[in-house]
Amino acid sequence: MNLNWEEITHVTKADPAKELPRDLGILAGTDAVMVGGSDGVTAENTLDTIRAIRGSFPDKLVFQEPHSSDHVSTDTIEAVDYLAVPAVYNGDREHFVGKHLDMFTEVGSKPDEVFGSGLPVLGDLVAAKGRDAVDRIGDKIVGEGYVVQNPESKAAAVTGAESPFSVEQVVGAALATENFYGFPLFYLEYSGTYGGPEDVAAAARYLDDAALLYGGGIESERQTREILDAGADAVVVGDCFHDDPERFRETIPS
Ligand code: 1GP
């Protein structure tokens, strides 16, 4: 992965199931866009969203954050810079490990279905093509160690994250992200509510290599600053982008 988080402090999360703001010019000051959501997302609406963003900002860094392999297609993979794939530490088995194994099982054993070459595959050829397919997406996949801290959120309902982590557990998850799982990203997800700087400050003290992202309830530059000052590499702003584009502008640090 070749991402420089020194240059990324503000990330916009665009939900493909929601309408985009009429004026996409508001994205000018954001450093990256992450396309993904928990409900009503398909590969088609994901691709439409990616294309709309690319139409206004061809060089904007764009991630797809799929919550299911159904959201991913050859076209979405080609259209984005990176696929950010969450592994939810306080979620159910499916959302921590199950979906990832399923994804690699599919890519390894049915590369044509994933990449659509149309060639018949048998025996060793399957293995060769499976490895090739993984090589093709390997450079794009960014694993995210993920903690969902708002049990009332849709993200928590979808991932089975019923219990938020204590600060000590957040620290443990940050340490495991960097020292055991080797994910390049650690994401504190307060989706829909502002969680404040406490978890961020605790996690930041233990992360040297993994980038620390905070998302949830950010509606002002003051909140953005508070989270960045606590040690996050970047804030992620979602709802406000769709619901209140004028306010969204104010979340971008000047
Ligand atoms: C959601 O972390 C993002 O996945 C952003 O949260 O929608 O509350 O801004 P909000």
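This structure is a prediction, so every number in the text was calculated from the model and none was measured. Counting starts at 1 for both ligands and their atoms, in listed order.
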### Query
Partners of P151 by side chain to side chain contact (heavy atoms under 4.5 Å, CB included), sequence neighbours excluded?
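In terms of side chain to side chain contact (heavy atoms under 4.5 Å, CB included), with neighbours along the sequence ignored, P151 is linked to P164.
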### Message
If the condition is side chain to side chain contact (heavy atoms under 4.5 Å, CB included), which residues does S153 pass it with, not counting sequence neighbours?
### Response
V148, N150, A155, A156, S191
### Query
Are R247 and D239 close enough for a salt bridge, meaning some N to O gap below 4.0 Å?
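No, no charged N to carboxylate O under 4.0 Å.
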### Query
Rounded to the nearest 0.5 Å, what separation is found between the CD1 atom of I8 and the CG atom of L3?
5.0 Å
### Message
Classify the ring geometry of Y89 against Y181: parallel below 30°, tilted from 30° to 60°, perpendicular beyond 60°.
### Response
tilted
N or O contacts of ligand 1 with protein under 3.5 Å, please list pair by pair.
from	atom 1	to	atom 2	distance (Å)
ligand 1	2 (O)	Y187	OH	2.7
ligand 1	2 (O)	E189	OE1	2.6
ligand 1	2 (O)	E189	OE2	3.3
ligand 1	4 (O)	K13	NZ	2.9
ligand 1	4 (O)	E189	OE2	2.6
ligand 1	6 (O)	G216	N	3.4
ligand 1	7 (O)	D239	N	2.8
ligand 1	7 (O)	D239	OD1	3.1
ligand 1	8 (O)	G192	N	2.7
ligand 1	8 (O)	G217	N	2.8
ligand 1	9 (O)	G238	N	2.8
ligand 1	9 (O)	D239	N	3.4

Please list, one pair per line, the donor and acceptor atoms closer than 3.5 Å that link side chains of residues 168-176 to other protein atoms, with sequence neighbours excluded.
from	atom 1	to	atom 2	distance (Å)
E168	OE1	S166	OG	3.4
Q169	OE1	S166	N	2.9
Q169	OE1	S166	OG	3.4

